[in-house]
2 protein chains.
Amino acid sequence: MADKQKQPGETRAADVLHRMRLDIINCELQPGEKLRFEALRARYTVSFSTLREALSRLAAESLVVAEGQRGFMVAPVSIEDLNDLTDTRVLIENEMLRRSMRYGDDDWEANILASFHRMDKMQKRLGREYYLSEEWAAVHSAFHASLVSECRSPTLIELRDKLFERAQRYRRMSSQFRKKWRKKDVEHKMIVDAALARDEDLALRLIERHIRETSENVIAHAQHLFPQETPHAFSANPQAAE
Amino acid sequence: MADKQKQPGETRAADVLHRMRLDIINCELQPGEKLRFEALRARYTVSFSTLREALSRLAAESLVVAEGQRGFMVAPVSIEDLNDLTDTRVLIENEMLRRSMRYGDDDWEANILASFHRMDKMQKRLGREYYLSEEWAAVHSAFHASLVSECRSPTLIELRDKLFERAQRYRRMSSQFRKKWRKKDVEHKMIVDAALARDEDLALRLIERHIRETSENVIAHAQHLFPQETPHAFSANPQAAE
DNA sequence: GATTCAATAATTTTCGAAAAAATCAGATTT
DNA sequence: AAATCTGATTTTTTCGAAAATTATTGAATC
């Protein structure tokens, strides 16, 4: 919460950008929240201009929205946005996984196994509430990144990373109101096996299922929790995933 | 060249961002060029911080690159980048066109016809060197946007627009060293016909061909013009488009 | 009560001076 | 000659005060 962060060769603006991005995807800055400069200045201890720079970049990443000259706000969440985001992620991640399975070598395989192992161990160590941990979010992210890392497309990798981050907020929401499922580790393991076995059809089917599951979980509960008068967005119209 | 631009309800930073983006995609700020603050400040008549805000956003769009605390430069061009960009555009535009052909209504069709007509007329009016005109770039862009506008995905639309802009620089290069081809208007017409006829297979094949053609044209000549000692990038390794 | 208008307050946006960092030039050493 | 250091110079980065814009309040009018 306090600011002990410096950086070796990095710019202060980059640091604030990074911290703010984290705060948004962890919902410490809530969806739809108005971002006032004085408050942010106190929170991150930087100047107006530096803040503005970070905000502006986050706007380019669709994590905040800027309106005219009346400031910025955290990008709202909505079922439409979630559906749109999910479909787009499936499109891109499918292609990346397909290519990675074609091009991936021994190192690729080793990396997947390593990051899966790290994630699995951490999950077991953290127990019941692993998904609240920032640490776990990081290794989970690293695991999924490793699967598609050999697609040989810097552009796709960059796009995917941004979409993955945008989805993080919904992932967090999903984990809040789920009842049973602990089966995620099993899902992950099945994806690893299919990928290493180069079973394209199976792997793609599994990853798509995996991505859509979180989405469906959120929508199911969102409909129940936010009928339509929610503070920001969530304005229904499920528009069944095709 | 001078600055008569103001804006009604827009921010100054947004205006500079817009102008700079144009200058980059039109190669008035050349690929790989170092962007020094004093020079830019004079060119756009704004302050350091405002500049920085624009630069930072352009970095998020991959039109400039920021390195540590040694400033910014225009994103370099390279054959690898072009190939990567092209493949990504094909993936995304295919999906968008497919969906638009499914969802598109009479308005969609009308819009396509209208923007095609505008482009066609302007091309004929401008004659031989139409492709140098900023105006034409705008109507050409609008035409392609209209084709995929009914995909019902704000996310895809945003991604596509950014990729399209990144590609604009290569398009400009392509038009510089081409010999014959005036057939582009025919290509465009065929795409329109296939789209309105809802012939998915044909339309997707045509749009992919259309996108890849520019790319191949650049690569063919780039190899000839920039053996390997080019000022910035273009470091070969064609890696045949899959 | 609802609407308009003006004055005031709150907030955002812009600016260029000042601080921090990188680069350059020349002298010194290995 | 190549490598290293030192101080001067250039360039980038940060800062908060000042300007511009939007929001609010309250009185005056319809």
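Since the structure is predicted, the reported quantities are computational estimates derived from the model, not experimental observations.
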request  = Find the distance A:Asp15:CG to D:dT13:P and express it as a whole number of Å.
outcome  = 14 Å

message = Return whichever of A:Val46 or A:Arg70 has its heavy-atom-nearest nucleotide of DNA chain D closer to the 5' end.
response = A:Val46

query = Expressed in angstrom and rounded to an integer, what is the separation of A:Glu67 atom CD from D:dT22 atom P?
reply = 12 Å

task = Assign B:Leu40 to base, sugar-phosphate, or nothing according to its heavy-atom contacts below 4.0 angstrom with the strands shown.
result = nothing

Rounded distance (Å) that lies between atom P of D:dT11 and atom NZ of B:Lys34 = 8 Å

ask   = Can you say whether the rings of B:His140 and B:Phe164 are parallel (under 30°), tilted (30 to 60°) or perpendicular (over 60°)?
value = tilted

ask   = Please give, in whole Å, the distance from C:dT13 C1' to B:Phe48 CZ?
value = 17 Å

note = Testing C:dG16, D:dT14, D:dT21 for proximity to the side chain of A:Ser47, the answer is D:dT14

query = Between A:Arg52 and C:dT14, does any side-chain N or O lie under 4.0 Å from OP1 or OP2?
reply = yes

query = Nearest of C:dG16, D:dG16, D:dT14 to any side-chain atom of B:Arg41?
reply = C:dG16

ask   = Expressed in angstrom and rounded to an integer, what is the separation of A:Arg12 atom CZ from C:dA20 atom P?
value = 10 Å

message = It should be established whether B:Ser49 places a side-chain nitrogen or oxygen under 4.0 Å from OP1 or OP2 of nucleotide D:dC15.
response = no

Check ion pair A:Arg160-A:Glu93 (N to O, under 4.0 angstrom) = yes

request  = Could you tell me the separation between the CG atom of A:Leu55 and the P atom of C:dT12, rounded to a whole number of Å?
outcome  = 9 Å

request  = Please determine, by modelled atom types, if A:Tyr170 and A:Asn217 share a side-chain donor-acceptor pair under 3.5 angstrom.
outcome  = no

Side chain of A:Arg36 (C-beta onward), nearest among C:dT11, C:dT14, D:dT14 = C:dT11

message = What is the distance, to the nearest angstrom, from the OH atom on B:Tyr44 to the P atom on C:dT14?
response = 16 Å

note = Separation of C:dT12 atom C1' from A:Glu53 atom CD, nearest Å, is 17 Å

query = Between A:Phe48 and A:Phe37, what is the ring plane arrangement, given parallel below 30°, perpendicular above 60°, and tilted in between?
reply = tilted

query = When you look at CD of B:Glu165, are more than 12 heavy atoms from neighbouring residues, nucleotides or ligands closer to it than 6.0 Å?
reply = yes

inquiry  = I'd like to know if A:Thr50 reaches the base of D:dC15 with its side chain, counting only an N/O donor and acceptor under 3.5 Å.
reply    = no

